[in-house]
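The model shown is predicted, which means the values in this text are computed figures rather than measured ones. Note that ligands are numbered from 1 as they come in the structure, with each ligand's atoms numbered from 1 the same way.
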Amino acid sequence: MAHAQSTSPVLLTGFDPFGDETINPSWEAARALHGARIAGHRVIARQLPTSFARAPRVLRAALRELNPVSVICVGQAGGRAQISLERVAINVCAARIPDNDGAQPHEQPVIAGGPDAHFSCLPLQACLSALHAAAIPAEISNSAGTYVCNQVMYVLLHALRARRAIHAGFVHIPFVPAQVLEHRGTPSMALEHSVAALRVIVAATLDPSAVPRSTHVSGCEH
Ligand code: PCA
């Protein structure tokens, strides 16, 4: 079993473009690491649709198929200036704009009857320290919003709630510079920096000495 564990992949997901955008840096960054080996584990990148109906299905299928040792879902957070390590997903879907299927839920639960929130099972402090040591602007965020990213984070942590030893969580990344050419003052981060950030986060997550964050609030076992 130790062998199986050491060869289990890391699953990285990113989203397809949504809203007015023609690219989504989360997918560009995730796919840049597809096939990389980090701390002995292979990275597998999968794209999720920006769709309330379809993203959970694609994610659950990937979890079943790949049995990953660690899962990091990535999304674009236009307007943010730093890498955001999301702390919490809430049981709410409330869309400001329609998703890629035209759906725009208002005040619906992600999972009816589910807990109000799920906390990240990533070692957030270790990830944050490693990012800062690599001179990458990063912060812990206390809201992943109420759109598809929050939904995916909630579904991920709900699906793995009985398997708390798996490091799983969500990271938002800024726009890339090309997306803000015509939006003066909107922050962006070069794709290579976001890719470097994800590499650092995966490595910190796989580091056996990385003791988690607040075990008392989320019940993760690491
Ligand atoms: N960002 C959106 C959904 C897809 C993405 O990349 C969000 O923050 O919810």
- Find all atoms of ligand 1 within a distance of less than 4.0 Å from any non-hydrogen atom belonging to Thr50, and give their numbers and elements. 3 (C), 4 (C)
- Item | Within-4.5 Å side-chain heavy-atom neighbours: Ser143 and Arg87 | no
- Message: When you compare ligand 1 with Asn150, is there at least one nitrogen or oxygen pair between them that comes in under 3.5 angstrom?
- Response: no
- Within the structure, does His172 bring an N/O atom to less than 3.5 angstrom of an N/O atom in ligand 1? yes
- Have Asn67 and Ser8 got a donor and an acceptor in their side chains that come within less than 3.5 Å? no
- Query: Got an N/O contact under 3.5 Å between Gln76 and ligand 1?
  - Reply: yes
- Message: Just to be sure I read this right, does ligand 1 sit under 4.0 Å from the backbone of Tyr147, its side chain, both, or neither, counting only heavy atoms?
- Response: both
- Query: So which protein heavy atom does atom 7 (C) of ligand 1 come closest to, and at what separation?
  - Reply: Cys149 SG, 2.8 Å
- Run the side chain to side chain donor-acceptor pair (under 3.5 Å) check on Glu86 and Ser141 step by step: do they pass? CA-CA 5 Å; Glu86 297 296 348; Ser141 158; 2.7 Å; yes
- Sidechain N-carboxylate O distance under 4.0 Å for Glu65, Arg46: yes
- Query: Which of the atoms of ligand 1 are close to Asn24, meaning less than 4.0 Å from one of its heavy atoms?
  - Reply: 5 (C), 6 (O)
- May I ask you to decide if Asp16's main-chain N or O and Thr50's side chain share a donor-acceptor pair within less than 3.5 Å? yes
- Would Val202 and Trp27 show up in the same hydrophobic cluster when neighbours are defined by side-chain heavy atoms closer than 4.5 Å? no
- Message: So if I count the atoms of ligand 1 from 1 in the order they appear, which ones are less than 4.0 Å from some heavy atom of Gly75?
- Response: 6 (O)
